[in-house]
Asks: 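I'd like to ask you about the structure that follows.
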Amino acid sequence: MKTEQYPTFIFDLDGVITKTEAYHFEAWKETAAFLEYEISPADNEALKGVSRVDSLKKIVKWAGKEVSPQTFDRLLEEKNERYLGLLSSLSEEDIMEGVHQFMLEAKEKNHPIALYSSSKNAKLILTKLNIIHLFDVLVDGNDVTRSKPDPEGFELAANQSKTSPKDCVVFEDSTAGIEAANAIGMTTVGIGDIESLSIASRVCKNFKEISLNDFKL
Ligand code: BG6
Ligand code: MG
C-alpha cells in the first residue's frame, strides 16, 4: 500500500481532526463532580489520548475515592451518553481548518491514510464528519487492549498500512500519543501547544502550518 516516495500518515481524531476533546472534557466534568472533584484543564491534558476506562481510573484516583465495579460501569455509561449528546450536531463544518484539504492532497499523491484513535466512537464521528471514506486503515479503541501511551495501536495501523513505523508520520494532540509513536520510531507532529507536546519531532498550531511537501521521504 505504501508508495516509494511518501510516508503513511496516521491521524489521531479527537483534537486533531475535530475539536471533540472539549466535549470529552465537558462530559467528564460531571463525572468528577459526582466524585466531589473539580477537574482542571491540566488534568484534562493528562486525559487526552487515554481510553475511557483508563480516564475514569485516573479521575477516581485524583478524587481519592473508591467506587464499586457497578458504579464504575455506570459512570462510564453516563459519561458516554453525555458525550454522545454533545456530538449530536457534529457535521463536516466541525473539521479543523486545513485538515480536509491536507487529506485530499495526500490522497491525490497516493499516501496511505490511517487513523489511530483511542476512542470507541471514532467511526461514528468520522461518518458524521463525512470523511470516513478517505481512510485506508482505521484503528480505534475497539481494536486494542492497551491504550496510549502504549504503542499497540500505532503498530497495528503501520502493519495494516504495510508501512514500516519509521516511514509513518503521526499527527497527535496528546502527550500520551506522541510518547507512544516516538517509542516505535515514528515521526511525530504535535498539534497544539509546545508546552505539552515538546517531545514531538515538530509542533504546529494547526494544519495551516503543514504542507504535504514537508514529508517527502
Ligand atoms: C481519545 C480522547 O481520543 O479517546 C480521550 O483523547 C477519550 O479524551 C478517548 O477519553 C476515549 O474516547 P471514547 O469516545 O471511547 O470515550
Ligand atoms: Mg487526541
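One-based numbering, in listed order, for ligands and for the atoms of each.
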Asks: Would you kindly specify which portion of Ser119 sits under 4.0 Å from ligand 1, judged on non-hydrogen atoms: side chain, backbone, both or neither?
Replies: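 Near ligand 1, Ser119 shows its backbone as well as its side chain.
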Asks: Can you get from Leu90 to Phe25 by hopping between Ile, Leu, Val, Met, Phe, Trp and Tyr side chains that sit under 4.5 Å apart?
Replies: no
Asks: Using distance alone, decide if ligand 1 has a nitrogen or oxygen within less than 3.5 Å of any nitrogen or oxygen in Tyr83.
Replies: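 Between Tyr83 and ligand 1 (N or O atoms, distance only) the closest approach is not under 3.5 Å.
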Asks: May I ask you to check whether Lys48 has an N/O atom sitting below 3.5 Å from an N/O atom of ligand 1?
Replies: no
Asks: Are the charged groups of Glu36 and Lys65 less than 4.0 angstrom apart, N to O?
Replies: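 Answer for the salt bridge query: yes.
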Asks: Heavy-atom distances under 4.0 Å decide this one: backbone, side chain, both or neither, for Leu13 against ligand 1?
Replies: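 For Leu13, there is no contact with ligand 1 at all, from either part.
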Asks: Hey, does Asn80 come in under 3.5 Å of ligand 1, counting only N/O atoms on both sides?
Replies: no
Asks: Salt bridge or not for Lys162 and Asp136, using N-O below 4.0 Å?
Replies: no
Asks: If the cut-off is 2.8 Å, does any N/O/S atom of Asp12 fall short of it from the Mg ion (ligand 2)?
Replies: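 True for Asp12.
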Asks: Examine Glu172 and say whether one of its N/O/S atoms is closer to the Mg ion (ligand 2) than 2.8 Å.
Replies: no
Asks: Does Asp14 reach ligand 1 with a nitrogen or oxygen that is under 3.5 Å from one of the ligand's nitrogen or oxygen atoms?
Replies: yes
Asks: So does Leu138 get a backbone contact from the side chain of Lys123, meaning a donor-acceptor N/O pair under 3.5 Å?
Replies: no
Asks: If I apply the N/O under 3.5 Å rule, does Trp28 come out as touching ligand 1?
Replies: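 Checking ligand 1 against Trp28, no N or O pair falls under 3.5 Å apart.
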Asks: Check if Ser55 has a non-hydrogen atom at a distance under 4.0 Å from any atom of ligand 1.
Replies: yes
Asks: Do Asp12 and ligand 1 have an N or O pair less than 3.5 Å apart?
Replies: no
Asks: Do the two ring centres, one from Phe215 and one from Phe9, sit under 6.0 Å apart?
Replies: yes
Asks: Closest heavy-atom contact between Ile10 and Ala157?
Replies: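 The answer is CD1-CB, 4.0 Å.
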